Amino acid sequence: MPEGHTVHRLARTLTGLFAGEPLAVRSPQGRFDAGAALLDGATLVGAEAWGKQLFCRFDARGAEERWLRVHLGLYGAWTFAGDGSADVVHAIGAPRRRIGERETAAPPRPPVSGAAVPGPGTGSGEWEVPEPRGAVRVRLLGEHAVADLTGPTACEVLTPAEKAAVEDRLGPDPIRPDGGRGSLQAARAAFVARVGRSRVTVGQQLMDQAVVAGVGNIYRAEVLFRAGVDPLLPGRDVPAEDLERIWDDLVVLMRDGAATGRIVTTRPEHRDDGGAPDARDGTASLGPDRRRTRQNTDDDPDAVPAHEAFYVYHRDGLPCRVCGTPVLLKELAGRNLFWCGACQS
DNA sequence: CCGTAATGGACAG
DNA sequence: TGTCCCTTACGGT
């Protein structure tokens with residue numbers, strides 16, 4: 001997925017597109033019919049993120065507020081279309097979903113086989129509401145835009161109490177202004193204390209959303225490399241100063257990711273690998289934008305090429321950017337862990 | 001056409 | 001630790 005930075009971006013996008021508007025809520029796929037009925041016609045007050053959890057607040061006149069909770073899981077994604085009155089990235093979520101991103105540069109998609117419902121129209125921008133594409137769990141339709149959700153791990157309507165219960169199980173979030181613990185200092189202290197009192201490896205704990213919310217496999221691998229910490233070290237054996245540096249680095253890296261839509265962890269001096277392709281994925285001949293590791297990027301020509309964005313993630317077998325030792329790969333708790341055995345020891 | 005990977009997580013035992 | 005779920009796009013046949 002979509003690590004935490006993506007979800008924070010999504011919250012901002014949804015708020016920008018829909019906040020203050022009553023929305024038509026549907027489940028074209030049918031699996032969310034009951035939930036959609038609860039929300040249909042309610043006003044989207046705003047969206048927020050905590051780690052990888054997305055919460056959209058709906059107010060229906062006279063009724064108690066409702067929260068739509070969405071978790072994208074490994075391959076959930078939102079795609080957007082609209083009249084262009086709001087500036088949005090057109091697809092956010094699973095990396096394979098590139099169609100939406102191409103639409104960013106492409107002219108507005110023509111209506112599909114005349115079946116599309118005409119949009120309400122806004123005076124300035126006429127637009128056609130596109131047919132749902134694929135298995136759309138939820139469609140949010142407003143005056144100026146439509147948002148389609150596919151493939152989520154979780155999609156449900158919650159009461160305020162139920163939303164609070166979900167949040168209670170989440171660790172501090174480096175992207176939230178107060179870290180989700182009242183202040184960034186308190187959030188860092190909570191993280192350091194929690195990791196430091198467990199024998200579970202620091203590599204596993206970083207993937208535990210109760211320890212720190214929003215970190216996924218990429219940030220896990222990259223932040224440990226940047227800190228020079230061995231992922232297999234038990235948390236209690238990692239010096240507190242290292243854990244503090246890891247937290248502070250997550251704040252920087254993840255907020256940068258939320259701002260740009262990309263994860264880039266390499267420092268400029270470590271990026272020039274001569275344009276070497278990602279040798280592992282056998283896509284060397286496909287060109288720089290078709291490698292296995294792809295990002296949801298804004299169309300920024302100055303963006304760091306994907307194959308130079310990481311130190312170790314998906315680079316097993318390739319020489320470490322810093323010391324040249326081959327990057328290691330090991331399956332840990334069902335997920336691939338990448339690290340440099342020399343730099344991280 | 002089919003198998004598989006993918007930045008995740010819940011649940012059983 | 002293993003199993004299952006969610007969906008898409010890609011490479012290989």
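We name chains A, B, ... by the order of the sequence lines, and we start the count at 1 in each one. Predicted model only: the values in this text are computed from it and were never measured.
The side chain to side chain donor-acceptor pair (under 3.5 Å) analysis of residues 203-216 of chain A, with sequence neighbours excluded, yields the pairs A:Thr201-A:Gln204.
Here B:dA6 presents its P atom at 14 Å from CD of A:Glu3, a figure rounded to the nearest Å. Rounded to whole angstrom, the span from the CG atom of A:Leu250 across to the C1' atom of B:dT7 amounts to 14 Å. Spacing between atom CG of A:Asn217 and atom P of B:dA5 amounts to 15 Å, rounded to whole angstrom units.
Residue A:Arg220 is out of contact with every strand shown, counting any heavy-atom pair closer than 4.0 Å. Across all strands shown, A:Gln29 has heavy atoms under 4.0 Å from sugar-phosphate atoms exclusively, and none from any base.
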Just the atom pairs and distances: protein N or O near nucleotides 9-13 of chain B's N or O, under 3.5 Å.
| residue | atom | partner | partner atom | Å |
| --- | --- | --- | --- | --- |
| B:dG9 | OP1 | A:His71 | NE2 | 3.4 |
| B:dG9 | OP2 | A:Lys52 | NZ | 3.4 |

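Comparing B:dT7, C:dA9, C:dT7 by their closest approach to the side chain of A:Arg133 singles out C:dA9. Looking at the side chain of A:Pro2, the nearest of the listed nucleotides C:dT7, B:dA6, B:dT7 is B:dT7.
For A:Arg226, the side-chain contact (heavy atoms from CB on, under 4.5 Å) partners are A:Asp249, A:Leu253, A:Thr265, A:Arg267, A:Tyr311, not counting sequence neighbours. With sequence neighbours left out, the salt bridge (charged side-chain N to carboxylate O under 4.0 Å, His left out) criterion links A:Asp178 to no other residue. Here A:Asn336 pairs with A:Asn217, A:Leu329, A:Glu331, A:Phe338 under the side-chain contact (heavy atoms from CB on, under 4.5 Å) rule; sequence neighbours left out.
Salt bridge status for A:Asp242 with A:Arg245: present, with a side-chain N to carboxylate O gap under 4.0 Å.
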Which atom pairs, one a donor and one an acceptor, fall under 3.5 Å between side chains of residues 167-175 of chain A and the rest of the protein, sequence neighbours left out?
| residue | atom | partner | partner atom | Å |
| --- | --- | --- | --- | --- |
| A:Glu167 | OE2 | A:Lys163 | NZ | 3.1 |
| A:Asp173 | OD1 | A:Ile175 | N | 2.7 |
| A:Asp173 | OD2 | A:His8 | NE2 | 2.7 |
| A:Asp173 | OD2 | A:Gly51 | N | 2.7 |

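Rounded to whole Å, the C1' atom of B:dT7 lies 23 Å from the corresponding atom of C:dT1.
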